[in-house]
Amino acid sequence: MADDILELKGISLSFGGLKVLSDVSFTVPEGKITAIVGPNGAGKTSLFNAISGFYKPQAGEIFFKGENIGHLHPPKRAKLGLARSFQNIALFRGMTVLDNIKLGAHSHLKTGLLAALFYIGKAQREEMALREEVETKIIDFLEIDHIRNMSVASLAYGLQKRVELARALAIGPQVLLLDEPVAGMNREEKEDMARFILDLNQEWGMTVLMVEHDMGMVMDISDKVVVLNFGQLIAQGTAEDVKNDPEVIKAYLGSGNVSDMRRRLGVEAAGSE
Amino acid sequence: MRIGDAVSTYPSDEAIFRTQTQKVWMGIFIATLLTFPFVSSPYTLFLACLVGIAVISATGLNILVGLTGQISLGHGGFMGVGAYTAVWLADNMGMGLALSMPLAGLLTAAVGVVVGLPSLRVKGLYLAIATMAASVILHFIFVHWEPVTGGNAGINLQNANIFGINLNSDLRMYFVVVPLAIIAVLGERNLLRTRIGRAFIAVRDRDISAEVLGVDLLRYKLMSFGLSSFYAGCAGALWAYFFKVVTPESFPLDTSIFYLAAIIVGGMGTVLGPILGAIFMTLVPEILKILTAVVVPILPNAQVLLSPVRVVVFGALIVGFLLYEPHGMAEMWRRTRRYSHLWPFKT
Amino acid sequence: TAKEDIVFAETALITGVFGFAGGELHEGIVDYFNYTNENGGIRGHKIKHVFEDCGYKVDCSVATFKKLTAEHNPLFYSGDSTGFMKAINPELQATKNTLMSGVSYASELTDETKYPRSFIIGPSYTDQMSILLTYAAKEMPGAKVAIVHSDSGFGRDPIEAGKAKAKELGLDLVEVITTKPGSVDVSTEVLKLRRKKPDYVLFHGYVLTPINEFMQQMKDLGMATKFMGTYWSSSELMYMKAKEVSDGYLGVMHLNYFNMEKSPGKEWDAMRAYNAKVHPDKLTRPNFYMFGWFQGMVWAEVIGRTVDAGKELTVDNLRATLNSIENWDTGGIASVPVTVRNNSIPFGRVFKVNAAEGRYEPVSEVIEIK
Amino acid sequence: MDWLFFFESSIAGLATGAIYSLVALGFVIIYKATRVINFAIGEIMMISAYLFLTFAGILEWHPLIALPLAMLGGGLLGSVTEKLIIRPMLGESPISVVMVTIGLSSILVGAAQIIWGPGPRILPDFLPRAPIFIGELYVSSKIAYSALIAIGLLVCYLIYFRFSRGGVALRATASDQAAAFSMGISVPKVFNYAWFFGSMAAALAGVLVAASGGLSPYSGSMALSILVVVIFGGLDSLTGALVGGLLVGWLETMTGAFLGGEYKMLTIFTLLTFVLVLKPYGLFGTKEIERL
Amino acid sequence: METILEINNIEVVYNKAVQVLRGLSLTVPKGTIVALLGSNGAGKSTTLKAVSGLLDIEDGEVADGKITFKGRDVALDSPDKLVRRGLFHVMEGRHVFEDLTVEENLTAATYAKKGGAGARASFALVYEYFPRLKDRRKGLAGYLSGGEQQMLAVGRSLVAAPDLIMLDEPSLGLAPLLVEEIFEIIVRINREQGTSMLLVEQNAALALAVSSYGYIMENGKVVIDGTSDELMKNEDVQEFYLGASGDDGENRSYREIKHYKRRKRWLS
Ligand SMILES: Nc1ncnc2c1ncn2[C@@H]1O[C@H](COP(=O)(O)OP(=O)(O)OP(=O)(O)O)[C@@H](O)[C@H]1O
Ligand SMILES: Nc1ncnc2c1ncn2[C@@H]1O[C@H](COP(=O)(O)OP(=O)(O)OP(=O)(O)O)[C@@H](O)[C@H]1O
Ligand SMILES: [Mg+2]
Ligand SMILES: [Mg+2]
């Protein structure tokens with residue numbers, strides 16, 4: 001299929017005796033937002049790790065733009081345009097926001113050791129061009145100009161997540177892998193993040209593959225949803241399809257109805273004591 | 001008090017010295033360095049050279065430990081490789097410092113890369129001990145490879161010159177060592193504003209995330225080992241030119257610990273730290289000696305009685321410093337500076 | 001009119017691994033100069049003694065040398081480690097007017113052309129070892145000998161030469177053992193020696209440990225081996241610390257000991273008296289103290305002879321005087337008549353520990369190494 | 001091949017190894033609880049040996065009193081160290097903490113020299129002297145008895161950590177202090193106990209080492225071998241300390257016996273490098289968890 | 001009604017410089033679940049840490065005010081002692097002991113009990129509530145997925161059998177079904193063991209659903225409080241915490257926010 005930018009074929013991964021992924025196959029359509037959902041421990045993050053090359057699946061192939069990338073080292077894959085953010089924030093705490101973002105662009109820069117030591121001509125020009133690009137395209141877009149020279153360690157959680165996104169953007173991705181981009185955020189911050197993702201997708205035409213547990217957001221913004229359970233793919237399709245799949249409801253969604261649950265637990269009674 | 005510095009271009013924002021004041025201070029500093037040897041006593045001149053060599057070596061170790069996060073206890077051994085190589089090249093090939101030092105640095109870098117090979121799998125203290133293993137093996141080679149290293153007796157540098165100028169005085173050494181130290185520090189500073197420096201720090205902070213973001217771990221770890229050893233090799237070469245002899249005992253394990261202490265007390269991962277640390281570690285023992293001498297009129301036997309006390313005080317100073325400011329002297333310096341900029345307002 | 005002071009500078013070894021010996025040595029030097037000054041100096045010249053402690057670190061020693069040389073322009077300098085002696089050699093030759101001696105007996109320093117200004121106040125390590133081997137060969141021709149030495153520059157110094165010498169003397173060198181210096185477990189080495197059954201074990205590169213442990217374990221095993229050691233291993237520490245085990249231990253010494261059964265001479269008496277006067281609490285002294293005293297005494301003699309000859313106190317003149325010293329009677333400080341050759345005094349006597357009495361007793365004639 | 005010599009050397013090596021194990025155990029306990037790499041452990045050994053010398057040699061108390069007292073002294077030294085200089089460094093980079101312990105070792109060396117003088121010392125004999133013969137096989141008695149004593153304490157420690165919750169508390173504290181607190185584990189106490197008992201093990205080893213090797217303010221440098229031991233075995237593994245100690249002790253001795261003393265360090269460190277490349281966390285060390 | 005925890009007008013300062021709580025008060029009646037809501041950085045976690053004494057570790061300090069647990073000032077006891085008195089804090093971000101196995105994690109929690117030894121029996125209870133942990137009980141906690149780690153964190157509190165559990169964002173990173181499960185279990189624990197709960201949550205809908213009383217804080221102060229029913233009907237709460245658009249009460253879609261929000265920011 002021409003319009004699938006990423007294709008996974010029969011990915012199986014296990015640790016010792018623990019089967020984390022078994023025979024997972026699906027495709028990620030170019031220019032769309034695809035979400036992976038599934039219970040905790042289903043293997044979503046592991047799948048991301050397999051895509052970015054940190055885990056080596058025992059079986060299966062990964063195609064990126066029609067090319068098998070299964071044998072490539074992680075840095076090579078990043079260079080090809082597979083960028084990601086991490087479930088547990090993984091910023092470089094010893095660097096400023098700006099440097100964290102610049103690091104994302106690492107694989108596109110060419111400065112060698114000697115040039116770097118003396119900061120001569122080419123090295124300097126390259127750095128300046130990078131700075132310009134990061135400033136105008138990423139920092140402005142994500143509205144983080146006021147914190148660019150701060151150390152990331154002192155930032156609020158929501159901002160850290162945003163810097164992670166910025167760093168991923170600096171990789172110059174064709175596919176953006178986001179692992180739980182709005183976990184731990186309040187409604188307002190979630191809305192901001194959703195907005196950025198939508199803009200990236202619609203205005204920059206970027207393909208997004210994300211893992212997220214906030215079903216409200218997944219349903220609202222994704223074009224395709226893939227459901228994993230115990231390492232197996234149990235459903236895929238549009239948000240609407242998936243939402244009504246009984247197996248998905250049983251394994252993952254639950255009732256989703258708060259007042260129902262309240263009644264079931266008889267909380268009202270307790271509340272009015 | 002200074003209020004924000006307005007910068008209008010990216011290059012000026014990324015310049016090393018961003019303000020006029022900084023440039024003026026730098027000028028004064030350079031001028032001081034230039035005039036110092038002419039007003040100092042031979043003894044302080046000697047110490048200045050020693051500090052200069054220590055700065056180069058500490059800066060090199062800082063690249064590896066402070067920036068890249070790979071703990072090494074092999075730095076002394078690397079300096080030894082540089083020292084032996086330089087002396088051998090000078091005596092057997094008739095090379096001057098301008099050629100023998102970089103070559104010594106390169107050979108040391110090669111050794112460093114080999115020693116760094118386990119770093120992809122081995123981390124933290126495990127790595128530190130692996131590097132210590134390297135220095136033990138190097139020491140064995142120094143003792144037993146007699147034709148080259150002169151075995152126990154070591155080798156003497158007969159022909160210490162640079163561009164034909166005989167390096168037989170501390171004054172001349174000073175004008176070789178100090179510019180090289182400045183270049184070494186500038187190199188490190190430059191590195192920090194390019195992709196290589198960032199990659200080093202990324203490897204230190206979170207190596208596996210860095211890898212997924214496009215940093216080739218092995219390549220950068222080895223690069224760091226190589227560069228750090230290059231610095232060590234050059235420092236070792238200068239050391240040999242300075243003392244004119246290298247023996248297996250010249251660079252014991254203590255040397256590695258000395259430099260580790262220097263960068264930690266100075267402030268790891270900063271540019272200023274290794275400089276301050278090198279000064280501290282070299283000069284404090286001397287200062288303590290002067291202090292003991294002050295007591296002599298009161299307590300005639302003080303120099304003898306207080307000698308072990310000096311050992312205690314030196315240890316206590318290291319401990320005290322780190323308890324007071326675990327991020328080292330560079331952090332203290334930064335705080336003072338911030339305070340002085342804001343003065344008279346409280347932060 | 002008071003004559004000009006003569007400056008004697010010293011890098012002392014008060015701290016560091018050799019602190020226990022260095023401290024005594026330093027006191028020996030100090031006491032000798034005070035004693036001399038109290039008695040009118042050397043031909044009217046008072047001696048000014050300046051020093052700093054370095055704890056056996058080369059760069060510190062070099063720094064101290066520069067500092068003391070610059071500030072005081074000493075005529076004599078007492079240095080420390082072999083590494084320092086080598087590092088400072090070019091510098092030393094460039095100074096106006098300084099001669100050096102020190103605690104290093106490194107064999108290399110006997111090369112007069114390479115080290116024209118450094119001097120060993122005694123026999124070099126190689127010579128010490130040769131003296132002991134000569135003694136053994138004489139006492140028991142063709143004896144089986146084992147050498148045990150520490151794995152340090154100092155420990156390895158005379159080993160090759162020692163092997164050659166043993167062969168030359170017709171001794172049967174059955175084993176050469178290397179150990180770490182300091183506290184080590186030596187039971188495996190004892191196992192080796194138990195098999196080789198040497199008549200003599202010669203130690204070099206230690207001060208006390210682990211020599212005592214070797215002797216103890218081998219005696220416990222009922223072996224009749226005799227033990228001997230070079231200068232640093234021939235101090236009073238042996239019988240003071242190792243007690244009965246050390247009985248019969250053989251040391252090589254170019255000095256007399258502080259503690260002798262009968263007085264070997266007038267200067268020795270004077271030294272004892274001076275020590276008793278200044279340090280009434282120090283009833284006995286390890287011979288590191290004697291070494292310090294003797295070091296001062298040698299240089300004083302050189303000055304005295306030069307002045308007597310009406311020559312100026314220049315390096316060349318002093319050097320010439322030094323080299324001309326032949327059969328000098330030190331009044332019981334040295335155990336041998338002092339003759340200078342190859343930058344050193346290549347003579348010694350073998351002493352034996354009498355543990356019950358707590359002293360060393362001479363058991364050999366003066367042995368000269370040529 | 002002289003098999004008798006081989007066995008004799010092996011026994012001597014294992015006996016030395018048992019003492020290494022004991023120090024390594026002390027080292028590992030401290031590391032496990034506080035993640036502190038204690039470079040001063042050799043100096044703690046040295047000071048404890050001096051304490052023993054003072055009690056048994058100078059005050060002439062019975063060794064059975066002097067030895068526990070020296071161990072207690074070593075333990076207290078560890079405990080005080082923890083309170084005064086380790087606890088304030090909590091949360092700082094591990095390497096800064098390492099440096100603090102290096103500073104401490106300098107302090108202890110100087111202090112020993114001030115208190116006990118710079119000269120070498122020999123401890124009073126307190127172990128039976130008569131050589132032991134097992135058939136033809138000779139064993140140095142000092143070494144044998146030292147090893148037995150060391151093994152005694154080793155076994156006590158291992159049993160404790162195997163069968164009590166103590167081990168879990170130790171590791172929990174190391175893994176996450178805040179969480180350990182919130183489990184009701186008294187973190188300061190765990191730290192202090194770890195330093196106390198870790199140092200106490202080192203103290204006993206210190207006395208035993210000094211009993212056969214002699215003592216000076218610089219004796220602590222033997223702890224270098226201990227670093228090798230704990231890396232061999234795995235920094236945080238008690239089993240590793242035990243096995244590593246025996247292995248290194250044996251290997252060192254065998255190298256000394258068959259190749260010569262100058263090859264000891266070379267052999268051990270070369271082997272260590274190979275072990276690390278194959279098993280980056282030593283033989284038994286836990287692998288650091290790496291996840292994204 | 002008897003109160004188990006009372007926080008009275010406390011102020012908390014970090015690093016002697018950053019003031020985070022400014023006069024916060026709240027009460028937890030015995031045997032009930034109380035919810036504490038608020039936006040990111042409002043100081044919810046700080047409040048819990050102030051109670052459990054974990055502020056010290058982070059260089060924080062209760063500068064003013066008083067906290068009493070079971071009638072006794074918490075400042076008088078060390079954090080571990082408080083735990084043994086029956087106050088258990090399930091920290092934000094799970095804080096499982098990564099190098100320990102699941103079972104060892106539970107063993108560590110037995111330190112929270114006075115007796116300690118008998119606690120092993122309670123492991124069965126944990127495994128009954130969380131069967132998934134039983135499957136993985138010999139595995140290292142560090143390799144558990146996020147949700148499993150959260151279960152373990154709550155499971156540890158069961159072992160401790162405390163009188164009051166303070167839960168900091170138990171639903172963080174959990175799948176919807178599991179969120180429900182966890183909340184059900186929280187309610188069950190509250191019911192079956194009679195344990196009081198102070199619940200900090202981002203998921204306001206659920207938190208208010210299971211609690212009987214709620215506090216909402218902003219900027220270090222309580223701004224609204226009331227019974228959970230009252231709060232759920234409050235308009236501001238609906239708008240900012242439940243994600244309902246102001247006018248019709250329906251949940252607004254993430255797609256529809258468009259650029260409105262951002263423009264607002266630009267202007268301010
Ligand atoms: N390196 C590893 N070693 C052992 N087990 C692992 C490893 N990585 C993951 N696992 C296991 O694989 C399973 C899947 O983990 P993964 O992190 O992929 O889950 P997830 O779907 O991302 O869950 P969550 O939504 O909670 O983040 C878990 O049971 C986890 O314990
Ligand atoms: N150790 C600390 N040092 C300094 N400031 C801190 C520290 N911990 C928290 N803060 C600050 O205190 C404020 C409140 O933090 P807290 O963690 O209590 O918020 P919260 O309400 O729990 O937020 P969240 O919903 O993100 O968990 C934040 O602004 C935070 O930056
Ligand atoms: Mg996940
Ligand atoms: Mg919080």
Side-chain angles (χ1 to χ4, degrees), chain B residues 65-66 69 71 73 115 117-118 120-137 139-141 143-144 206-209 211-212 253-254 257 260-261 263-265 268-269 305-324 326-328, chain D residues 31 37 39-40 84-86 88-89 91-115 117-118 217 221 224 227-228 230-232 234-235 262-263 265-266 268-282 285 288 290-292:
Chain B
V65 182
I71 307 177
L73 281 172
V115 172
L117 278 176
L120 194 65
R121 282 169 61 78
V122 184
K123 293 180 179 162
L125 186 74
Y126 292 96
L127 181 64
I129 304 296
T131 54
M132 192 164 108
S135 69
V136 168
I137 294 167
H139 185 262
F140 189 85
I141 296 174
V143 175
H144 290 92
R206 282 172 183 273
D207 50 353
I208 49 178
S209 315
E211 187 172 30
V212 171
L253 183 66
D254 281 359
I257 292 182
L260 214 49
I263 62 169
I264 293 168
V265 172
M268 267 195 302
L305 291 179
L306 294 183
S307 286
V309 177
R310 258 179 19 229
V311 179
V312 174
V313 172
F314 187 47
L317 269 178
I318 292 181
V319 173
F321 250 117
L322 290 175
L323 287 186
Y324 177 71
H327 300 291
Chain D
Y31 178 79
I37 290 156
F39 269 72
L84 291 186
I85 64 173
I86 301 299
M89 290 297 288
E92 300 304 340
S93 94
I95 175 163
S96 301
V97 189
V98 166
M99 213 60 238
V100 165
T101 65
I102 291 178
L104 173 69
S105 56
S106 172
I107 296 177
L108 294 179
V109 168
Q113 186 169 344
I114 294 170
I115 303 173
S221 60
L224 210 63
L227 279 180
V228 180
V230 291
I231 295 298
F232 247 114
L235 262 179
E262 65 270 40
Y263 294 97
M265 296 281 270
L266 185 71
I268 291 174
F269 276 99
T270 312
L271 194 77
L272 182 76
T273 315
F274 282 115
V275 168
L276 280 184
V277 170
L278 297 176
K279 303 208 68 163
Y281 295 91
E288 196 185 316
E290 289 187 329
R291 284 193 67 180
L292 277 176

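In what follows, every heavy atom counts, from backbone to side chain, and hydrogens, waters and symmetry copies are set aside. The sequence lines fix the lettering, A, B, ..., with proteins before strands; numbering per chain opens at 1.
- In this structure, OG1 in B/T131 is found 9.5 Å from CZ in D/F269, a value given to the nearest 0.5 Å.
- For chain D, the nearby part of B/F140 is the side chain; its heavy atoms alone come within less than 4.5 Å.
- For chain D, no part of B/H139 is nearby; none of its heavy atoms comes within less than 4.5 Å.
- To the nearest 0.5 Å, atoms CD1 (B/I257) and OG (D/S106) are separated by 11.0 Å.
- Of the atoms belonging to B/V313, not a single heavy atom falls under 4.5 Å from chain D.
- Of the options B/I264, B/L323, B/V265, a side-chain contact (heavy atoms from CB on, under 4.5 Å) to D/S96 is made by B/I264 and by none of the others.
- Across all non-hydrogen atoms, the minimal contact from D/V277 to B/R121 is O-NE, 2.7 Å.
- No part of D/I115 comes within reach of chain B, as not one of its non-hydrogen atoms sits under 4.5 angstrom from that chain.
- Contact count versus chain B (heavy atoms, under 4.5 Å) is highest, among D/Q113, D/M265, D/M99, for D/M99.
- Heavy-atom distances place both the backbone and the side chain of B/V309 under 4.5 Å from chain D.
- Interface remark: of the candidates B/I318, B/V122, B/L117, B/V122 forms the most heavy-atom pairs closer than 4.5 Å to chain D.
- A donor-acceptor pair is defined here as one N or O able to donate and one able to accept, closer than 3.5 Å; no such pair exists between the side chain of D/T273 and the backbone of B/A130.
- The parts of B/I137 that come within reach of chain D are both its backbone and its side chain, each placing non-hydrogen atoms under 4.5 angstrom from that chain.
- Of the listed residues D/V275, D/I268, D/L224, D/L104, the one with more heavy-atom pairs under 4.5 angstrom with chain B than any other is D/L224.
- Only the backbone of D/L278 has a heavy atom closer than 4.5 Å to any heavy atom of chain B.
- Neither the backbone nor the side chain of B/L127 has a heavy atom closer than 4.5 Å to any heavy atom of chain D.
- Of the listed residues (D/A112, D/G234, D/G110), the greatest number of heavy-atom pairs within a distance under 4.5 Å of chain B belongs to D/G110.
- Of the listed residues (D/V100, D/L227, D/V109, D/T101), the one with the most heavy-atom contacts under 4.5 Å to chain B is D/V100.
- Using a 4.5 Å cut-off between heavy atoms, D/L266 contacts chain B through both its backbone and its side chain.
- Between chain B and the options D/L235, D/L108, D/L272, heavy-atom pairs under 4.5 Å are most frequent for D/L235.
- Every salt bridge (charged side-chain N to carboxylate O under 4.0 Å, His left out) that B/K123 has, sequence neighbours left out, goes to B/D207, D/E290.
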Derivation and outcome, side-chain contact (heavy atoms from CB on, under 4.5 Å), residues B/L322 and D/I85: CA-CA 9 Å; B/L322 290 175; D/I85 64 173; over 6 Å; no
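- Heavy-atom distances place the side chain of D/S93, and not its backbone, under 4.5 Å from chain B.
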